[in-house]
Amino acid sequence: MDLILYNGTIYTQDKTKKAEAIAIKGECIHNLGSNEEILKLKTNKTALVDLKGSLAIPGFNDSHIHLSGTGLYLENINLSKTKSIKEIKEVVGEKAKTKKTGEIVFGRGWNQDNLAEKRLLNKTDLDEIATDKGIILYRVCGHIAVVNSYVLKQINPNLKIAGGNIDYEKGIFYENALELLSGLMPEVTVETIKDNLRRGISHANKLGLTSVQSDDFGDYKKVLSAYQELKQAGELTLRVYEQSLLPDINSLKAFIHDGYKTGVGDDYFKIGPLKLLLDGSLGAHTAALSIPYNDKPETKGILTYTDDVLNEIITYAAKHGMQIAIHGIGDRAIKQALDQIAKLDYQGARHSIIHLQITDEEIIARLKALHTLALVQPIFLDYDHKIVEKRVGTKLASTSYRLKTLLDKGIKIGLGTDSPVETLDPIKNLYLATSGKDLDGNPIYNPNEVISLEEAVFNYTYGSSYASFTEEYKGLLKPGYLADITVLDKDIFNIDKNDLLHTKVRYTIVGGQIVYQK
Ligand SMILES: [Zn+2]
């Protein structure tokens, strides 16, 4: 035996089976049982881990994130907790010291309302930090950024920008003018993608994740090379199912022509579904609704594809062995997706709608009839519960974010976070799914849609595995299953609900290897 975990509470999700210890051989679980039974399997080559009463559960599997985006987000300085311009100068100054002349420091999250000085940052503030390298700091909203002179010098002062402007005096960029700054981003290379992935992987392991379903493509060849190189170097300590964003028929055809389709790869990196984005977001009034926005009646949001174009892409993808995962937030986008999925011959391909926020009874019934999965993010409610009624009105809001209803109707779901849009932390996500409260303790608007912790964990592990065709060997703690295990410092099924948020990860184990421990 290679590894034995003992003295724990083992939550197997294997209905009748209770255990205190797990024996692991190679990548897989060999057996589970009492301490006595399992410790008998020990040899002089066995590594032993005393769980000291901790809870072992199947490893978390996030059904939708952006792993390289998460790594990039971690690299940028987070200023959301800063309390003064003086403090911002210190924090950014520390980071600037690590950069070479000519490189750019990115930061985000500042908010003048929280700063002692109660004013916007300006160019003079940032020039006091550095003038030989660039500094770009985005306000918390993402609609304003302040830059130093080094950056400003690289911008043509005679440019006219539709839908945006630049205050050259203060070094502040507004709205569409921000696009000029994205041109200053460093070139995306296989090396920079690898760096972002490395940060994302270690962050994920630390939070108890053993698998993710991740949308990373820009240039897919570079992304695939980055993953292959990390895997060969033994750095891919997280299993990845790539939600392959190929937004038009030509990029899809090139991808298929290169020999890719759903399932190509191995249990560390595998091509997942074709990912398509059909609409925008609720916050920005760009999610496609069937009715005008309640708080912006001149718009019903934006559909990205015509029915014909979408049909061409989806039909081609399905014919060439691609599972399909569609980003749909508004009910109009979700119905457009279901109309197209309904036209495909084979309904057992585990196609999914990612997000599925604004829904009605018809959508729920059609999901069920079409065997379409829902990859949902309970953590979205932390913010969305404050705006959903405002945006879509009370009637449509009352049939939206229907976690419990989806389960009751027998629709398969996988839980996720959409990190870095929201925190990657599974514990916070479980809290939003099960507590009926947001992270500040305020009640969320639709408490009837709360699910049990058992249901939430099941759909964060086995449920997500189902979405990636791996439920026969991943997502339960059972002999023959992959030894992907998360160990928590508390038995979350037997604590006060409010203590859930104080739960910490003690070990993360992927394929029998301890990839994180505290
Ligand atoms: Zn996303």
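Indexing begins at 1, ligand by ligand and atom by atom, following the structure's order. Just the heavy atoms: all of them, side chains too, but no hydrogens, waters or symmetry mates, feed the values below.
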His327/His64 aromatic ring centres below 6.0 Å: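 No, too far apart.
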Ring centroid separation for His385 and Tyr401, is it under 6.0 angstrom? no
Decide, yes or no, whether a salt bridge links Lys404 with Glu449 under the criterion of side-chain N to carboxylate O below 4.0 Å.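 Not counted as a salt bridge, because no side-chain N and carboxylate O are separated by less than 4.0 Å.
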Distance to the ring centre below 6.0 angstrom and angle to the axis at most 45 degrees; does that hold for Lys412 and Tyr466? yes
Excluding water, the protein N, O or S atoms sitting under 2.8 Å from the Zn ion (ligand 1) are His64 NE2, His66 NE2, Asp418 OD1
If a pair satisfies salt bridge (Lys or Arg N to Asp or Glu O under 4.0 Å) and one of its residues is in residues 279-306, list it, with sequence neighbours excluded. Asp295-Arg391
Does Lys270 have more than 12 heavy atoms from other residues, nucleotides or ligands lying within 6.0 Å of its NZ?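 More than 12 within 6.0 Å, yes.
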